[in-house]
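Below is one structure; the comments refer to it alone.
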Amino acid sequence: MAELSELIAEAKRLDILRSLRAIDVHCPTCGSRLHAFGECQRCGMVGSDETQLRRLDPAMASSLLERSIARRKAWTPPTRAGAKSEER
């Protein structure tokens with residue numbers, strides 16, 4: 001298990017840390033419905049910023065970040081409708 005500081009640095013690099021309001025129910029990145037506490041099951045966005053994560057239990061924060069980082073690395077953004085291909 002990686003250290004919390006390393007996981008937070010990786011999450012910042014992937015741009016998945018974002019503080020959300022309690023009324024936000026859809027992910028601002030992919031539009032899917034958010035899980036508890038703003039966690040996106042599809043693209044790996046975390047609904048917390050660094051200070052909120054550091055207030056959590058370190059084991060809980062680490063598992064959340066490991067899960068979210070793995071999801072973000074596996075996620076590919078959908079192509080826009082009508083977008084021109086690179087071959088043209």
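Worth knowing before you read on, the calculation uses all heavy atoms, side chains too, and leaves out hydrogens, waters and symmetry mates.
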Path from [X] to [Y] over hydrophobic side-chain contacts below 4.5 Å:
X   : Y   : value
M45 : W75 : no
L14 : L65 : yes
L56 : I16 : yes

Less than 4.5 Å apart, side chain to side chain, heavy atoms only: is that true for [X] and [Y]?
X   : Y   : answer
R33 : Q41 : no
R67 : S63 : yes
T29 : R72 : yes

From [atom1] ([X]) to [atom2] ([Y]), nearest 0.5 Å:
X   : Y   : atom1 : atom2 : result
D49 : R55 : CG    : CZ    : 7.5 Å
R71 : C43 : CZ    : SG    : 9.5 Å
S68 : L17 : OG    : CG    : 8.5 Å
M60 : L64 : CE    : CG    : 7.5 Å

- Message: Test of understanding: with side chain to side chain contact (heavy atoms under 4.5 Å, CB included), list the residues that count as partners of S32, not counting sequence neighbours.
- Response: C27, C30, C40, R42
Check [X] against [Y] and note the closest heavy-atom contact, atom names and distance.
X   : Y   : answer
L34 : D24 : CD1-O, 3.8 Å
G47 : Q52 : O-OE1, 4.1 Å
I69 : A11 : CD1-N, 4.1 Å

- Could you walk me through whether R18 and V46 pass the side-chain contact (heavy atoms from CB on, under 4.5 Å) test, one step at a time? CA-CA 6 Å; R18 201 169 292 160; V46 179; over 6 Å; no
- Item | Residues in side-chain hydrogen bond (donor to acceptor under 3.5 Å, both in side chains) contact with R13, at least two apart in sequence or another chain | E10
- Query: Would S5 and R54 count as a side-chain contact (heavy atoms from CB on, under 4.5 Å) if you check the C-alpha gap in whole Å, the side-chain angles of each, and the deciding distance to 0.1 Å?
  - Reply: CA-CA 9 Å; S5 296; R54 290 196 183 275; 3.6 Å; yes
